[in-house]
Amino acid sequence: MDKSYQPEEIERRIYERWEEQGYFAPRGDGAPYCIMIPPPNVTGTLHMGHAFQDTIMDALTRYHRMKGDRALWQPGMDHAGIATQMVVERLLNAEGKSKRDLGRDKFVERVWQWKEESGGQIEQQTRRLGASVDWTRDRFTMDEGLSEAVRKVFVDLYDEGLIYRGKRLVNWDPVLHTALSDLEVLSADEDGSLWHFRYPLVSGEGHMVVATTRPETMLGDSAVAVHPDDERYAHLIGQEVELPIVGRRIPIIADDYVDPAFGTGCVKITPAHDFNDYEIGKRHDLPIYNILTDDAALNDDVPESYRGLDRFVAREKIVEEFEGLGLLEKIEDYTIKTPRGDRSHAVVEPYLTDQWYVKIEPLAKPAIEAVETGRIRFVPENWSKTYFDWMYNIQDWCISRQLWWGHRIPAWYDAEGNIYVGHDEDDVRKKHGLAAGVALTQDDDVLDTWFSSALWPFSTLGWPEKTREVGEFYPGNVLVTGFDIIFFWVARMIMMGIKFMGDVPFHEVYIHGLIRDQDGQKMSKSKGNVLDPLDLIDGIDLESLVEKRTAGMMQDHLAPRIEKATRQHFPDGIDAHGCDALRMTFGALATNARDISFDLRRIGGYKNFCNKLWNAARYVLMNTESMGDGEFELSAADRWIRARFDATTREMHKHFATYRLDLAVQSVYEFTWHEFCDWYLELSKPVLQSDESTNAMRLGTQKTLIEVLESLLRLLHPIIPFVTEEIWEPVARRARIEGDTIMLRPYPEPSDNASDDEAVADIEWVQQFILGIRQIRGEMDISPGKALPVLLQHADDVDEQRIQRLRLLLQRVGRVDSVKILADGEQPPAAATALLGDMRLLVPMKGLIDVDAERARLDKQMDKVRADLARTTGKLGNENFVNNAPPAVVTQERERAVEFEKTISQLTEQLAKLDELA
RNA sequence: GGGCGAUUAGCUCAGGGGUAGAGCGCCACGUUGACAUCGUGGAGGUCGGUGGUUCGAAACCACCAUCGCCCA
């Protein structure tokens, strides 16, 4: 073995072998365990969030696979309609072409080409992360099988009346020319104005003043509304105003929606271009005047001088004209919530179009119940609140998109505009008895990308065909995802799963936090703070990193700033850390927090951990070469480390069961480094190296070294699969364990044996002894190599026995040269002191120890103990405490007080001794 | 406006009614036959604020402050 762990070559080699050997496929006859990967979009490459999520899912899958479950981690990718179409359109634009130049078929072909590239990259990245997904079952949302599932669901829902076509106001993206669902629209405060317009009363008795943030929409006004209880305007209700510029007479109506305190209390009503106004229009049966085109320019239903103008140009012109007419009352600065498309970032327009909708309420009801009744559990539990809030207020889902990339809606129209829905044209003709001569054209629109994602838990398993997998792996066990897509995805999977499979798609939803940069900022290309997980694994030099972060920017002007920040944050580029170090970092970050700041400095520690493990293995292998058979004897240290391993195993099971990978990482890190390496390996050295030990003792320790290490590797494997696999092979051979791979060996189970209290107490005593000596050594600046004589005062029988049994450990590990028990009454020489229970460890000072330094050291200890004692006596002096606290707590406090007093008297005595010397 | 969350060591974060924790960073010493990607010792926090509940609060409750997210 190399002297240090070198991950690069090892990782690739091992992953290839795992995949070739088919280890990722479900196997055995254990209980099925299934996780569906949230399919990444084929829009590029995986980011830190994916890598984080993949690590969690892989750890869970490997854990369950090792526990003997028939584990399936289903991989796949999402076609991501709008997102992918935009990426490819941008590529085309860069070539000076548009999608219209290509036409629909060629364009879609081009997107498929892109999908192959991007998908290939994503798969390679997934492999580098060590993900044990079953590649043989890889799926894509636009595969034939999954498309069939989409069509069936659409047709079934339509036939049942749960999908309908309707003319409604939608969120219209005038750049992408498509409808968006509510979820795809992001609103943010932007600076704007509030314009106050005068609308003259037809009666000629003055005017009404309406306030609006959208002047241009006045061309489509159908009414002016006031609150029914608003006395200022009560007499005007039922009268009319004349709409300036347009010249249309529109009524003054009363509606509760109007807030009399806002502006003048008069509101212009534009049913075609505002969601609230649309509702009011419906209530009052107002005419709807659509004034916009698909591009959000004004259409031909407005006065001639406005036709064809962009909405924002028209706005200025309207304001000017009002001013010219003397009808502009005033303009106020005003902050408005501006809705923008989450992909195009264009200001979205409420726009009246024909769209397809899913009637959601009948689907939402059982989905709410599933969480209420606990058939689905959110982890952390809190997220169910978010889920409920949304589900109680859910709106019908607009599922049609005016895109080219996606599942074409399986609906056909005849010349009269009649709608026929079916799996394909033949099916439609058969179903409706349409002759071959009847011309049918298919709906041009495609489905919202989340429509197919909603079917993912069963479409990937082969549904609607009755495959074995559907029976076996549906429902899945847990969905691992971020809270940002609870509405987009989680809720819709639950609805569709219950509807079409008659059961929930999974029983637990583990919601993890979102990875942000070291400052808590969301990682995004335009901020230039994205990290490629592969760069953390393989490392990258500064110039390449700068190049990577600034290439292909949508906004070139940001590049210099990004370059500067990058050079500042990563002056030396990024070191290679290996996949396991990255995975362990992600594991440690998998807390319940919703935002996770990824600080590069954390990963270094886990790289060192891998190296530590590697070297521990080297030590174990070196020292077990000559391991024979025969009689063996376990020492206290052997028994102690086995007990500690057992306890750690218990913790690991608990942490996996509760999705606390952070605590799992902490437990196993602590055990590996601080118990196994720092103590046990050190304690094993005297046994292996001393002439005093017997063959049976040596063999006992050798067996313990190899057995605990082998088990430890299995304990760690779900989190750091590569290094554990690499080490496991020689270790397992040495331990005479069969098997080609650690990943199919059983996960350690805690033993049923009672914990080995005697051995634990022995070793804890040894630790206290050695720590006492080390403390003296450290603070007295005595070289670690210098062996010290130690005298013991007040040693009781137990101490004496332990000294006999454990002397070798004290001497070798504590670097103690001799241990001598002072007889009662024997006068000790001047010495530095450490306390171990009632016993006092004395290191004679002659030539070694500075009296003042020792006094300072003891004073410090004294201060601490006195403070402790004061707190304890304070408590005990409080009648309420003694009467009300649980007896065990009171007893504990009393014992503590006795301890502290004893310690104080010992320290006092020792300080007096020092004074005698001075 | 409604909802949710965060505030603990210099940094990143665990914890949780009974003596404040980890990793990283920092200081000192040290090449001890696994590991200098290391070892040993050490410094460092009145747990955001104010009230309340309690024998006891960093933890539970209320309010406030600051920051953040989601929904109108």
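Only a predicted model underlies this, so the values are computations on that prediction, with no experimental measurement involved. Reminder, nothing fancy here: chain letters follow the sequence lines and each chain counts from 1. Note: hydrogens, waters and symmetry copies are ignored here, and every other heavy atom, side chains too, is used.
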Tell me which nucleotide, if any, is Watson-Crick or G-U wobble paired with [N] when both distances must be under 3.5 Å.
| N | value |
| --- | --- |
| B/A58 | none |
| B/A6 | B/U66 |
| B/U19 | none |
| B/U40 | B/A28 |

Can you say whether the rings of A/F609 and A/Y669 are parallel (under 30°), tilted (30 to 60°) or perpendicular (over 60°)? parallel

Geometric class of the A/Y510/A/H512 ring pair [parallel <30°, tilted 30-60°, perpendicular >60°]: perpendicular

State whether A/N382 places a side-chain N or O below 4.0 Å from either non-bridging phosphate oxygen (OP1 or OP2) of B/G5. yes

Would you tell me if any nitrogen or oxygen in the side chain of A/S597 comes within less than 4.0 Å of OP1 or OP2 on B/U12? no

So which nucleotide from [options] ends up closest to the side chain of [X]?
| X | options | value |
| --- | --- | --- |
| A/N878 | B/G5, B/C55, B/G18 | B/C55 |
| A/R871 | B/A20, B/G42, B/A14 | B/A20 |
| A/A593 | B/C55, B/G42, B/A14 | B/A14 |
| A/Q775 | B/C55, B/G68, B/G42 | B/G42 |

Just wondering, do [Y] and [X] contact through their side chains at under 4.5 Å, heavy atoms?
| X | Y | value |
| --- | --- | --- |
| A/L536 | A/F598 | yes |
| A/W614 | A/V723 | yes |
| A/F586 | A/M48 | yes |
| A/I763 | A/W679 | no |
| A/W397 | A/W450 | yes |

What is the separation between atom [atom1] on [X] and atom [atom2] on [N], rounded to the nearest whole Å?
| X | N | atom1 | atom2 | value |
| --- | --- | --- | --- | --- |
| A/D595 | B/A6 | CG | C1' | 9 Å |
| A/R601 | B/G25 | CZ | C1' | 8 Å |
| A/N884 | B/G56 | CG | P | 9 Å |
| A/Q767 | B/G41 | CD | P | 11 Å |
| A/I511 | B/G5 | CD1 | C1' | 14 Å |

Which part of the nucleic acid, if any, lies within contact of [X], taking any heavy atom under 4.0 Å across all strands shown: a base, the sugar-phosphate backbone alone, or nothing?
| X | answer |
| --- | --- |
| A/L869 | nothing |
| A/N883 | nothing |
| A/L514 | nothing |
| A/R660 | sugar-phosphate |
| A/T591 | sugar-phosphate |

Does a donor on one side chain sit under 3.5 Å from an acceptor on the other, for A/E901 and A/T903? no

Side chains of A/D638 and A/T701: donor-acceptor distance under 3.5 Å anywhere? yes

Annotated protein contacts, base or backbone, on nucleotides 32-39 of chain B with a non-hydrogen cut-off under 4.0 Å, one of B, S, - each: B-BBSBSS

Pick the closest RNA chain B nucleotide for A/Q892 and for A/Y669 by heavy atoms, then say which residue is nearer the 5' end. A/Q892

Assign each of A/D189 and A/A588 the nucleotide of RNA chain B bearing its closest heavy atom; nearer the 5' end lies the nucleotide of A/A588

With rounding to whole Å, what would you report as the distance between [N] and [M] at their [atom1] atoms?
| N | M | atom1 | value |
| --- | --- | --- | --- |
| B/A59 | B/G68 | P | 25 Å |
| B/C11 | B/U46 | P | 13 Å |
| B/G44 | B/G21 | C1' | 13 Å |
| B/U19 | B/C24 | P | 26 Å |
| B/C13 | B/C55 | C1' | 33 Å |
| B/G2 | B/U8 | C1' | 30 Å |
| B/G10 | B/G18 | C1' | 30 Å |
| B/C47 | B/G41 | C1' | 27 Å |

